[in-house]
Amino acid sequence: LMAKINTPKLHVQYARAKEAEGKYDEAAVAYEMAKDTDSVVRLLLRYLNNPQKAFALVRRTRSTEGALMVAKFCQSSGDFPAAIEFLLMARRQDEAFELAQVHEAMDTYALIVGQSGQPEDYEKLATYYERKPGSEAQAGENYEKCGKYQQALRLYLKVGVAKIDAAINVVGRANNDILTNQLVDFLMGETDGIQKDHNYLFRLHMALQQFEQAAHTAVLIARQEQEMGNYKVAHAQLFDTFKELESQGKRAPTELNRQLLLLHSYVLVKTLVKLNDHAAAARMLTRVAKNISRFPRHIVPILTSTVIECQRAGFKKTAFDYASMLMRPEYRKTISEQYKRKIENIVRKPEKEVVESDAKDEEVACPCPFCNTPGSETDLECDSCKNVIPYCIATGKRMVVSDWAQCPSCRFPCRASVFVKIITLERNCPMCNQQIVLSQIHKMADPITALKQQQALLQNNQREPEPELDREE
């Protein structure tokens, strides 16, 4: 009969009667029908020996009174982590903190408080951990949560390199000159005599939205990696910085673009050789060879590759020029034996033959996409309209309007015909190194209009989505 009654008061009366009779199971069911969860919890803990069901019920209902009952039960049974959880649920923060302190369960307390605590909760945690040896990191984290950034930074720096990222985040949030200078001094080694990785300084500038300084630092970092021969690392550093600046609506500085172009030209060479495009590989190596001082670890191998690829492409004058450079005393002794005799023979060829080969070294003319004036295909600045011409990430050459596409992942421009060949061969984009699906590569109907719109957005520092580009299949 009671199952058909919906009146809570009647269910409560019935539950009390059953409880008085000692029929606790029936009483619990009736209390539940009456939605009196606190009474259900009380019966589960006191008479029915089913604490886990009581715990689950309180966690679901978040009842303050029920949580307090469960907390007392847990304390009496020695389950202090659970007691701390339910005391916090019952809004007895002081009691929970004291219990955690007495029973060395502060990590449990901190875990339960999580991100939902009040500033005073985090400050108490910070004070506790600061006094506990070896817990400076936890103290710093809690000072940060309660907005005390100076104390947080001091403790993070005391921990050292392991918490530099956290220190950078704190300084970025505080945006305080004093804290910024303090962290910069640490990164530059002013405080401990040890200069830290420049990547940390880059991250600090980004956290502070100091994009110009961040870009400058990224260029310095990439240059150091480049000088050590870590070309892919340097390339990734510059690419990531370019995309981060782009996401912030900022234009990458000229030096960053130039250095990325130079590294990308070198990275492309192996791929172009695999495609049997020795002319394009020779052009990219020539671009690199003109800046050989930026590749101090591999001067001779790069110049050697330039000579070999120019010979394969029929660029005899260029091959002769760089072969002659390799004959200098400082380079000659380190030329690979595999190529040494061949390079010596190139230099010994009659001058007349080299002069007559000049015409073959001339580059193919390619129209400027902005004004249609012809120019060398690897010359990325138009002599007529003075525009900087976007380069193709698949060839390193000027973009061509009739073959204009972009990587579906990084959205860098590419000549569709060559990009498709590279993806077919290697699957990954040579710029962003992401795997690309061939069906996602499309030629664009009006790339110049879209390019100008994008440039205008960056110039005006407007953080709006990149305009959709019309596509033609």
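In what follows, residues are counted from 1 in the order of the sequence shown.
Applying the salt bridge (charged side-chain N to carboxylate O under 4.0 Å, His left out) test to residues at least two apart or on different chains, the pairs with a partner in residues 189-200 are D192-K196. The list of ring-ring contact (aromatic ring centres under 6.0 Å, His included) pairs with a residue in residues 154-193, not counting sequence neighbours, is empty. Here ring-ring contact (aromatic ring centres under 6.0 Å, His included) pairs that include residues 231-262, with residues two or more places apart or in two chains, are Y231-Y266, Y231-F295, Y231-H298, H235-H264, F239-F412, F242-F412. Under the salt bridge (charged side-chain N to carboxylate O under 4.0 Å, His left out) criterion, the residue pairs touching residues 45-64 are R59-E85, with sequence neighbours excluded.
For the pair Y200 and D165, the minimum side-chain heavy-atom distance is below 4.5 Å. Looking at heavy atoms from C-beta onward, L57 lies in side-chain contact with T61 at the 4.5 angstrom threshold. Residues E120 and Q93 have side chains not in contact (no heavy-atom distance under 4.5 Å, counting atoms from C-beta outward). Looking at heavy atoms from C-beta onward, P447 lies out of side-chain contact with P413 at the 4.5 angstrom threshold. Considering only heavy atoms from C-beta on, S305 stays 4.5 Å or farther from V269 through its side chain. Looking at Q101 and M106, their side chains come closer than 4.5 Å, going by heavy atoms from C-beta outward.
Proximity of a side-chain donor or acceptor of S76 to a complementary backbone N or O of F73 within less than 3.5 Å is detected. Panel note: side chain N142, backbone Q138; a donor-acceptor pair is recorded below 3.5 Å. Remark: the backbone N or O of C410 is paired with a side-chain donor or acceptor of K243 at under 3.5 angstrom. A donor-acceptor pair is defined here as one N or O able to donate and one able to accept, closer than 3.5 Å; such a pair exists between the side chain of R398 and the backbone of C366. Put simply, the side chain of N230 never gets that close to the backbone of Q226: no donor and acceptor are under 3.5 Å apart. At distances below 3.5 Å, not a single donor-acceptor pair connects side-chain atoms of E255 with backbone N or O atoms of V219.
No more than 12 heavy-atom neighbours from other residues, nucleotides or ligands sit within 6.0 angstrom of CD on Q150. The number of heavy-atom neighbours closer than 6.0 Å to CD of E381, taken from other residues, nucleotides and ligands shown, is above 12. Within a 6.0 Å radius of CD in E21, more than 12 heavy atoms belonging to other residues, nucleotides or ligands are found. A 6.0 Å sphere centred on NE2 of H278 holds more than 12 heavy atoms belonging to other residues, nucleotides or ligands. By the neighbour-count criterion of 12 heavy atoms within 6.0 Å, atom CD of E212 is sparsely surrounded, having that number or fewer from other residues, nucleotides or ligands.
In terms of the side chain to side chain contact (heavy atoms under 4.5 Å, CB included) criterion, residue partners of L261 (sequence neighbours excluded) are, by chain and number, S265, R287, L380, Y391. Among residues two or more places apart in sequence or in another chain, the side chain to side chain contact (heavy atoms under 4.5 Å, CB included) test is passed with N428 by N433, Q435. Under the side chain to side chain contact (heavy atoms under 4.5 Å, CB included) criterion, I448 pairs with P369, F370, V401, W404, K452, not counting sequence neighbours. By the ring-ring contact (aromatic ring centres under 6.0 Å, His included) test, Y149 is found to be paired with no residue, residues two or more places apart in sequence or in another chain being considered. The ring-ring contact (aromatic ring centres under 6.0 Å, His included) check on F55 picks up F86, with sequence neighbours excluded. For N176, the side chain to side chain contact (heavy atoms under 4.5 Å, CB included) test picks out A174, I178, L179, with sequence neighbours left out. Contacts of F211 classified as ring-ring contact (aromatic ring centres under 6.0 Å, His included), with partners at least two apart in sequence or in another chain: none. With sequence neighbours left out, Y109 forms a ring-ring contact (aromatic ring centres under 6.0 Å, His included) with F97.
Salt bridge E136/R154: absent, no basic N to carboxylate O contact under 4.0 Å. Salt bridge E19/R42: present, at least one basic N to carboxylate O contact under 4.0 Å. A salt bridge is defined here as a Lys NZ or Arg NE, NH1 or NH2 lying under 4.0 Å from an Asp or Glu carboxylate O, and K232 with E225 fails to meet this definition. Salt-bridge formation is not detected for the pair K145/D121: no Lys NZ or Arg NE/NH1/NH2 atom is positioned less than 4.0 Å from an Asp or Glu carboxylate oxygen.
Listed here is the closest heavy atom pair of P430 and V267: O-CG1, 4.5 Å. Between A281 and V273 the shortest heavy-atom distance is CB-CG2, 3.8 Å. Of all heavy-atom pairs spanning I436 and C407, the tightest one is CD1-SG, 3.7 Å. The two residues G66 and D38 have their closest heavy-atom pair at N-OD1, 3.3 Å. Across all their heavy atoms, P367 and N372 have their closest contact at CB-OD1, 3.4 Å. When all heavy atoms of A234 and L263 are compared, the pair lying nearest together is CB-CD1, 3.6 Å.
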>> Under the criterion side-chain contact (heavy atoms from CB on, under 4.5 Å), I'd like the reasoning laid out for L68 against L87: C-alpha separation, chi angles, the key distance, then a yes or no.
In response: CA-CA 6 Å; L68 188 57; L87 281 172; 4.2 Å; yes
> Between V102 and F80, is a side-chain contact (heavy atoms from CB on, under 4.5 Å) present by the stated rule, with each step listed?
Replying inline: CA-CA 10 Å; V102 170; F80 300 113; over 6 Å; no
> Can you list the steps and then say if L45 with V41 is a side-chain contact (heavy atoms from CB on, under 4.5 Å)?
Replying inline: CA-CA 6 Å; L45 294 175; V41 169; 3.8 Å; yes
>> Using salt bridge (charged side-chain N to carboxylate O under 4.0 Å, His left out), reason through K274 and E426 one step at a time and then give a plain yes or no.
In response: CA-CA 10 Å; K274 287 180 185 177; E426 299 185 338; 3.4 Å; yes
>> Under the criterion side-chain contact (heavy atoms from CB on, under 4.5 Å), I'd like the reasoning laid out for V70 against C74: C-alpha separation, chi angles, the key distance, then a yes or no.
In response: CA-CA 6 Å; V70 170; C74 291; 4.0 Å; yes
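Side-chain contact of Q210 with H205: a donor-acceptor pair under 3.5 Å is present, judged by distance alone. The closest side-chain donor-acceptor pair between S417 and D403 falls under 3.5 angstrom. Donor-acceptor pairing under 3.5 Å is recorded for the side chains of T449 and D446.
Distance check: C392 SG to L268 CG gives 8.0 Å after rounding to the nearest 0.5 Å. For the atom pair D107 CG and I84 CD1, the distance stands at 10.0 Å (nearest 0.5 Å). Interatomic distance, CG of L99 versus CG of L88, reported as 10.0 Å (0.5 Å rounding). Atom CG of residue N291 and atom CG of residue L262 lie 5.0 Å apart, to the nearest 0.5 angstrom. Between atom CD of residue Q237 and atom CG of residue N199 there is a gap of 5.0 Å, rounded to the nearest 0.5 Å. Between atom OG1 of residue T241 and atom CD1 of residue I221 there is a gap of 7.5 Å, rounded to the nearest 0.5 Å.
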